Enquirer: 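Sharing a structure, written as structure tokens. Questions coming.
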Amino acid sequence: MTDTRFDPSTADGRWQRAWDDAGTFAADSNSPKPKSYILEMFPYPSGRIHMGHVRNYTMGDVLARYKKMTGHEVLHPMGWDAFGMPAENAAMEKGVHPGGWTHSNIDTMKSQLKRLGFALDWTREFATCDAEYYGHEQALFIDLYEAGLVYRKESEVNWDPVDMTVLANEQVIDGCGWRSGAPVEKRKLNQWFLKITQFAEDLLEGLGELKDWPEKVKLMQENWIGKSSGLEFAFELSNGEKLAVYTTRPDTIFGASFVAVAADHPVSQSISIGNPNTQKFIELCKQGGTTAAELETAEKLGFDTGLTAKHPFTGADLPVYIANFVLMDYGTGAIMAVPGHDQRDFEFANKYNLPIPRVVAASIEDAAKPFDGEAEAGDGVIVNSDFLDGKSVVDAKADVIARAEQGGWGKGTTVWRLRDWGASRQRYWGTPIPFIHCETCGVVPVPKDQLPVELPEDVDFATPGNPLERHASWKHVACPACGKDAVRETDTLDTFINSSWYFLRFASQPDDAPFDSEEVAKWLPVGQYIGGIEHAILHLLYARFWTRALQHVGKLDFAEPFASLFTQGMVTHETYSREEDGRPVFFTPAEVNRGGETASLKADGEPVDIGRVIKMSKSKKNVVDPDDIIAEHGADAVRWFMLSDSPPERDLPWSAAGIEGCARFVQRLWRLFGQVGMGGAGADASGDKALDRKVHQTVAAVAEDIEALSFNKAVARIYELTGAIEKAEPSASRSEAIRKLILMVSPMMPHLAEEAWHKDFPDMPLVADEPWPEVDPALLVEDEVTIAVQHMGKLRDTLTAPKGASKEDLEALALASEKVQRSIDGAPLRKVIVVPDRLVNIVT
RNA sequence: GCGGGUGUGGCGGAAUGGUAGACGCCGGGGACUUAAAAUCCCCUGAUCCUAUAGAUCGUGCGAGUUCGAGUCUCGCCACCCGCACCA
């Protein structure tokens, strides 16, 4: 091996060990420095790291290393979101224990992360499947129970009768279980719920304070929480009962021409008793699909109950229908239908020949205007509505609500789309819910000194169903309250609870408590959180809720866990496929020879089709294993690729040519870094002012770019500076430029930086411990600027002028240009616009 | 349907209303070499051209504001993402 090439296969490991041995990235909560908590969403240990992880963690790593260089005490931890279904599926398919499978995956993935040289504080590592972690989680769950934020309720679930388990909605495909293929049954089970709805208003308002969250994520959460306000009121039915309905458009109440209830509404149920036709219709409603396409085309269907409802103002008798488009779990499960101003009601009224009165119009004069084939849901003036006529929609809403409240038949109400969080899973591989069911005492929390309730190791997955249900010695215990025979809760907690507080445990890890509030306060909220957009709603909303809940019970004194959020784009790749027997067969990039416009299969030399650039996925086989790339090019080239070109929020197309270019740049820097001594004795001692300027400008700009997470721009500037240094004559300035460049690239290419640093400056400490280069503000300004000269807005010439030249001087210089004079061609000057230090525009 | 985003060379992308295409990739030409690899240098939006010069066009489309628009305004188009019979 010669000096002229950087050899990552030896250097990477050398510096990774050096950082480990020195404890370089262990966070000290007692440090007097300002704290900076940089966190990337922790991975599920599925088996191996993929490129998405590499991109995510590289971004966080650059920021963490940069923050350390700029004088911060940095907390940059890593752990494992280790509970979940795949481990149980592996247990069922391969006969391995979920814990063993998970831990072996963790070992693999940890060594992969280490090979990338991430500046992580591994002393704080944990997996959520550690009894220590989930034991503390159980304690928190009991705290929330005692604060009234956890309750039990019977609710309907998707039940797979073969696997004997509850399925999430996503696991039900065409009405059948995704694994067993058996038709899914609806079952009522007692489930544990978290009262997230108690914080609905708070979670919504809190979004307003999250200045450094993407608007997109905030909007998605806002829609998910789904606040709407309107009027809830009761109709008197012809059978003497009352029927509560909810509407956001009380202003259109005079336009109501019928009333509709959901198929599973109590009114429908009571009508259907002894009435086969009604029962048949209710069954029909339940069959309807729920996919977007089905709903789009689904016909509005109704069943006349024969009942009527008395209109609160007109006293008219409105027919009451059971309708397939009314949902039981929103509002009251019943509506007043205003066909003129709601599209669904409009379609329904058309089908069943119900009146379609107009109560909103563009103006009073349009009160009789017919509808043009669809409902008009927009704004306007109220018409045909007695005392509301002429009012605006907003005023009419307020008026009707006020009259309803005065009359005592209704009240202004807020309705939320957000539902309480069903946290029960009939699964083994999760946090056991720490409760005991006693016939005498009811539901009793496990006393905290008996936590953790550990998962039993000796379980069997050969029989379908939850092994905890069948584990006699684990399940049967004495009631902690009365001592009589009792049984443990065998449900486990949704894994989203694991990820709702892990960031607190990273900050503080006492043995006897989930966390220490004072320690947590030193680090939290997380300064920068980075992860995928797929967690925009569930994980991020749950974590926000859990933090508020802990604040509510007095364990935290802040409400928002993540001050700044960044959602990065995906890593994508071309796909390679070939038609075989009428269906595409996909090939991995490794199986393909890729030419300029074409690709062929290595195995047989036959061409394959190059498909769209899409997210790397196993099913399309367009995956590249990070380990292979690291082995071939080293960690720094991969890291550099992850930061180059694409803005971090957009997708990053992986390419072999791209990574080769990065590897070449690593070597190019290595050669340049070897020239630091060229500025010694005999070289130009007066320095190179232009290069000094370029260096300081780049240091300032790269710092700005990193802080804005605009890594692609930082990369481009580093390329530019590299070229400038290479071209510069040897001088003290040039040597200093090289020294600063090493520091500047060190967050991105830490191994190369260390290797060069210690070769150039053998007695210096680790680059990782060096400060970010200082910037001299005086060197940020040029003393000469290039002025663009335009005639009628078109560029005709550029000229060089001293910075700060007067408008008059610039105008004179511009008019002296031969090219400009040729363009003006003797026309009289009408106006000259001068933008100092930038441009002159001559108008004729 | 509702909400959001994106649209710039062959590709990824730069650009406080002020020189469009920085930087990288691909491609072309050359140097070094017996040769190759590696490296270095030059060219690389389109069209015209009397060609070291110069001209015209050009940031999805169409208007507008402005001395000047990729950037601002209005109206369209295409693609992507999220949500959705939510009353």
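Quick caveat, the model's predicted, so the values are computed rather than measured. Reminder, nothing fancy here: chain letters follow the sequence lines and each chain counts from 1.
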Enquirer: Would you say the side-chain atoms of A:Lys351 pair up with the backbone N or O of A:Lys300, donor to acceptor, closer than 3.5 Å?
Expert: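 No, because the side chain of A:Lys351 does not come within donor-acceptor range (under 3.5 Å) of the backbone of A:Lys300.
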Enquirer: A:Ala788 side chain: which of B:C25, B:A15, B:U19 is closest?
Expert: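 When the side chain of A:Ala788 is considered, B:U19 is the closest of B:C25, B:A15, B:U19.
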Enquirer: Touch check for A:Arg796, heavy atoms < 4.0 angstrom, all strands: base, sugar-phosphate only, or nothing?
Expert: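 It contacts sugar-phosphate atoms only.
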Enquirer: Any base atoms under 4.0 Å from A:Asn712, or only sugar-phosphate, or nothing? Heavy atoms, all strands.
Expert: sugar-phosphate
Enquirer: Which nucleotide, B:C86, B:A15, B:A22, lies nearest any side-chain atom of A:Arg417?
Expert: B:C86
Enquirer: Regarding A:Arg417 and the six-membered ring of A:Tyr330, is the cationic atom NZ or CZ under 6.0 Å from the ring centre and inside 45° of its axis?
Expert: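 Geometry flag: not set, cation outside 6.0 Å or 45°.
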Enquirer: Are any of A:Lys727's side-chain N or O atoms less than 4.0 Å away from OP1 or OP2 of B:C40?
Expert: no
Enquirer: Do A:Phe313 and A:Trp409 have their ring centres less than 6.0 Å from each other?
Expert: yes
Enquirer: Can you check the A:Trp224 CH2 to B:A84 P distance for me, whole Å?
Expert: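 Value for this atom pair: 6 Å.
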Enquirer: Counting heavy atoms from C-beta on, name the nucleotide in B:C23, B:A87, B:G82 closest to the side chain of A:Tyr246.
Expert: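 The nucleotide sitting nearest to the side chain is B:A87.
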Enquirer: What's the CZ-C1' distance between A:Phe641 and B:C25, to the nearest Å?
Expert: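 It works out to 9 Å between those atoms.
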Enquirer: Is the phosphate of B:G54, meaning OP1 or OP2, less than 4.0 Å from a side-chain N or O of A:Lys819?
Expert: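 Checking B:G54 against A:Lys819, a side-chain N or O does come within under 4.0 Å of OP1 or OP2.
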Enquirer: Taking the nucleotide of RNA chain B with the closest heavy atom to each, which residue, A:Met220 or A:Thr247, is nearer the 5' end?
Expert: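 The residue whose closest nucleotide sits nearer the 5' end is A:Met220.
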Enquirer: If a protein heavy atom is under 4.0 Å from the base, mark B; if only from the sugar-phosphate, S; if neither, -; do that for nucleotides 64-73 of chain B going 5' to 3'.
Expert: ---BS-----
Enquirer: Let's go through A:Asp651 and A:Thr572 carefully: what are the C-alpha distance in whole Å and the side-chain angles of both, what is the deciding distance for side chain to side chain donor-acceptor pair (under 3.5 Å) to 0.1 Å, and is it a yes or a no?
Expert: CA-CA 7 Å; A:Asp651 290 350; A:Thr572 57; 5.5 Å; no
Enquirer: Among A:Leu541, A:Leu540, A:Ile537, exactly one meets side-chain contact (heavy atoms from CB on, under 4.5 Å) together with A:Val217. Which residue is that?
Expert: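 One option only clears the test, and that one is A:Leu540.
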Enquirer: Identify whether any heavy atom of A:Thr786 sits under 4.0 Å from a base atom; if not, whether one sits that close to sugar-phosphate; answer base, sugar-phosphate or nothing.
Expert: base
Enquirer: Within the pair A:Arg5 and B:U39, is there a side-chain N or O less than 4.0 Å away from OP1 or OP2?
Expert: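 Checking A:Arg5 against B:U39: no side-chain N or O falls below 4.0 Å of OP1 or OP2.
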Enquirer: Counting the atoms with a prime plus P, OP1 and OP2 as sugar-phosphate, which does A:Val245 contact under 4.0 Å by heavy atoms, base, sugar-phosphate, or nothing?
Expert: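 Nothing: the residue A:Val245, judged by heavy atoms under 4.0 Å, touches no strand.
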Enquirer: Within this structure, what is the CG-to-P distance between A:Leu418 and B:C83, rounded to whole angstrom?
Expert: 15 Å
Enquirer: Can you give me the dot-bracket string for RNA chain B, 5' to 3', counting Watson-Crick and G-U wobble pairs with both distances under 3.5 Å, using [ ] for crossing pairs and | for partners on another strand?
Expert: (((((((..(((.....[....))).(((((.......))))).((((.....))))..(((((..]....))))))))))))....
Enquirer: Syn or anti for B:G9, with syn set at within 90° of 0?
Expert: syn
Enquirer: Within the structure, does a side-chain N or O atom of A:Lys794 lie under 4.0 Å from either OP1 or OP2 of B:C57?
Expert: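 For A:Lys794, the contact criterion (side-chain N or O under 4.0 Å from OP1 or OP2 of B:C57) is met.
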Enquirer: Select base, sugar-phosphate, or nothing to describe what A:Arg650 touches, counting heavy atoms under 4.0 Å on all strands.
Expert: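 Sugar-phosphate: the residue A:Arg650, judged by heavy atoms under 4.0 Å, touches backbone atoms but no base.
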Enquirer: Once you round it to whole Å, what is the distance between P of B:C25 and CD of A:Glu574?
Expert: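 Spelled out: CD on A:Glu574 to P on B:C25 is 18 Å.
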Enquirer: Please work out if A:Arg717 contacts a base, only the sugar-phosphate, or nothing of the nucleic acid, heavy-atom cut-off 4.0 Å.
Expert: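 It contacts nothing in the nucleic acid.
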Enquirer: What I want to find out is whether A:Asp705 reaches A:Lys713 closely enough, with some N-O distance under 4.0 Å, to be called a salt bridge.
Expert: no
Enquirer: Quick one, A:Arg358 with A:Glu376, criterion salt bridge (Lys or Arg N to Asp or Glu O under 4.0 Å). Give me CA distance, side-chain angles, the key distance, then yes/no.
Expert: CA-CA 9 Å; A:Arg358 171 184 285 282; A:Glu376 292 178 17; 3.0 Å; yes
Enquirer: Donor-acceptor pair, A:Gln221 side chain versus A:Ala536 backbone, under 3.5 Å?
Expert: yes
Enquirer: Round to a whole Å and report the spacing from CE of A:Met336 to P of B:A87.
Expert: 13 Å
Enquirer: Heavy atoms under 4.0 Å, any strand shown: does A:Leu219 hit a base, just sugar-phosphate, or nothing?
Expert: sugar-phosphate
Enquirer: Which listed nucleotide (B:C85, B:A22, B:G18) is nearest to the side chain of A:Arg344?
Expert: B:C85
Enquirer: Find the distance A:Leu541:CG to B:G82:P and express it as a whole number of Å.
Expert: 18 Å
Enquirer: May I ask you to decide if the ring planes of A:Tyr542 and A:Trp421 are parallel, tilted or perpendicular, using 30° and 60° as cut-offs?
Expert: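 A:Tyr542 and A:Trp421: parallel rings.
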Enquirer: Taking only the side-chain nitrogens and oxygens of A:Arg671, find out if one of them lies under 4.0 Å from OP1 or OP2 of B:A38.
Expert: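 For B:A38, neither OP1 nor OP2 has a side-chain N or O of A:Arg671 closer than 4.0 Å.
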Enquirer: Using 4.0 Å as the upper bound for N to carboxylate O, is an ion pair formed by A:Glu720 and A:Lys694?
Expert: yes
Enquirer: Indicate yes or no for a side-chain donor-acceptor contact from A:Asp609 to the backbone of A:Gly611 under 3.5 Å, with no hydrogens or angles considered.
Expert: no
Enquirer: Here's a test of your reading of the structure: between A:Leu795 and A:Ser646, which maps to the more 5' nucleotide of RNA chain B?
Expert: A:Ser646
Enquirer: Could you check how far CD1 of A:Ile533 sits from C1' of B:C83, rounded to whole Å?
Expert: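 Rounding to the nearest Å, CD1 of A:Ile533 and C1' of B:C83 are 13 Å apart.
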Enquirer: Just the rounded figure in Å: distance from P of B:C79 to CG of A:Asp651.
Expert: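 Distance check: A:Asp651 CG to B:C79 P gives 18 Å.
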